[in-house]
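Worksheet for the structure shown next.
We name chains A, B, ... by the order of the sequence lines, and we start the count at 1 in each one.
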Amino acid sequence: MADQLIMSVTQLNKYVRSLLEDDPNLTYIFVVGEISNFKAHYQSGHMYFSLKDEGGVIRSVMFRSSASKLKFTPENGMRVVCRGRVSLYERDGQYQFYAEDMQPDGAGSLAVAFEQIKKKLLAEGLFDVSRKKPIPSYPEEIAVITSDTGAAVKDIFSVLDRRYPLARILFCPVLVQGESAAKSIADAIKRVNALQSADVIIAGRGGGSVEDLWAFNEEAVARAVAESLIPVISAVGHETDTTICDMVADLRAPTPSAAAEMAVPDASALLSWVYSQKNNMIAKIDFKLGQARLSLDNLIKKPVMQSPLFFIDQMEQRLDLSNTNLSANYLAILKDKDVSLRFSAAAINALSPLGVLSRGYAICYKGGKILKSVKGIKTEEVISVNFVDGTVTCDVKDISEK
Amino acid sequence: MKSTDSFEDCLSRLEEIVNLLENGECPLDDTMKLYEEGIKLSGYCSKKLEKARQKMVTLTEKEGESVGGAESIETA
């Protein structure tokens, strides 16, 4: 035993540690396994877990500097591929794996992260249709949150200018990809809300890869959109790209240009409508005035209004007619009377005693009375006998009754 | 006929007068009075129509100016 080298525990651990750390095969390795006993210390930011498979287990740690870069949240049971190195932690003699990067085995880490965030926010009700606010029809101010380079901002401005130039634009240039993008976008949304002047927000960016669009899937952006009191139109990438921001927003537009079109009405269409309404109104008033004029003209054209003397003429005509009738009637009456007179005269003549007398008849009188009969006459009485040309006084000698 | 009488009321009265005169049964004095009223009414209605038409032409010309476009982009 005296010839054997006797090491201390510390020396032994140090030696094994250097063996592990100096081995070129072990400095940059990829290990696949299932996560178990996962524990994240929120204060330090370090993650402690085990990787295992059917044959064995290895204790693992991922320090905060690497862990904070993970897009997804590791969970027990998840199968992952980790890049890292092995070493010995001298203090407890524990052999462990130091993970510097972690990817879900099979699905990409972004895909896994997307599903994790989506599930979480869905459960909180952030995607509910009932939460979605209506977009104002005639916004006075539109906040545009996007990169100040790239096609998106140009497209949005040009559509807004063409369709509805009377709206003010509040432009908030932000980072739309990279580590700081999510905070940049979320802060812009909060700032616009604090100013309280905008009626609607358009937030988005042009097309890109999943990584490029990732900022719009981050929780910070999603929560800022959800908490925004001003309605948000999300316009991220192309029609086929759907991000968490799209799901939380009050309205989803397939592209930034489409977002601008959804935000405002078409002013030229509105103007046309206003003009046509005006023309309509003018036509109606014109018609009514025309009708009124027509009614008035019809009345004024009537003979009674046109010839003021008309009714006087009528009166005169009536008068003339009466006059004529009067004369005619009078003459007629006279004529009539004349005829009657002649008739009567003739009749009288016919009945006149002078005519009778001239025919040889005589009228006898006694004591002034006309005698019509032999009765009442006595002999020795005196009677007068009138002839046509004189009178004879006679004594009655003899009476003989027929 | 007050200045507040409506066009329609005056037109109706004018119609009434024309009918009465056409019937020819009015006494002469009434006829004179009615004719005078009728002439006044037709003048009044004509003036009212003219005014309405003038006002319409004036308004239409005034509103002929087009709507301008206001553009302002603020940055925040």
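Distance check, rounded to the nearest 0.5 Å: CD1 of B:Ile39 to CD1 of A:Ile300 gives 8.0 Å. Here the CD-CG distance, from A:Gln291 to B:Leu49, works out to 11.5 Å after rounding to the nearest 0.5 Å. Here B:Lys55 contributes atom NZ and A:Leu289 contributes atom CG; the two are 12.5 Å apart, rounded to the nearest 0.5 Å.
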Run the side-chain contact (heavy atoms from CB on, under 4.5 Å) check on B:Leu41 and A:Leu299 step by step: do they pass?
CA-CA 11 Å; B:Leu41 283 170; A:Leu299 285 176; over 6 Å; no
* Asked: Checking side-chain contact (heavy atoms from CB on, under 4.5 Å) for the pair B:Glu15/A:Ser295: CA distance, chi angles, key distance, verdict?
  -> CA-CA 9 Å; B:Glu15 263 168 3; A:Ser295 298; 5.6 Å; no
When you look at A:Asp286 and B:Met56, which way does the side-chain contact (heavy atoms from CB on, under 4.5 Å) test go after all the steps? CA-CA 9 Å; A:Asp286 216 38; B:Met56 199 184 91; 3.7 Å; yes
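A 6.0 Å sphere centred on CD of A:Gln277 holds more than 12 heavy atoms belonging to other residues, nucleotides or ligands. Counting non-hydrogen atoms of other residues, nucleotides and ligands closer than 6.0 Å to CD of A:Glu179 gives a total of 12 or fewer. Heavy-atom neighbours of A:Lys302 NZ from other residues, nucleotides or ligands within 6.0 Å: at or below the threshold of 12.
Nearest heavy-atom pair, B:Ser46 versus A:Arg293, reported as atom, atom and distance to 0.1 Å: OG-NH2, 3.1 Å.
The salt bridge (Lys or Arg N to Asp or Glu O under 4.0 Å) check on A:Asp212 picks up nothing, with sequence neighbours excluded.
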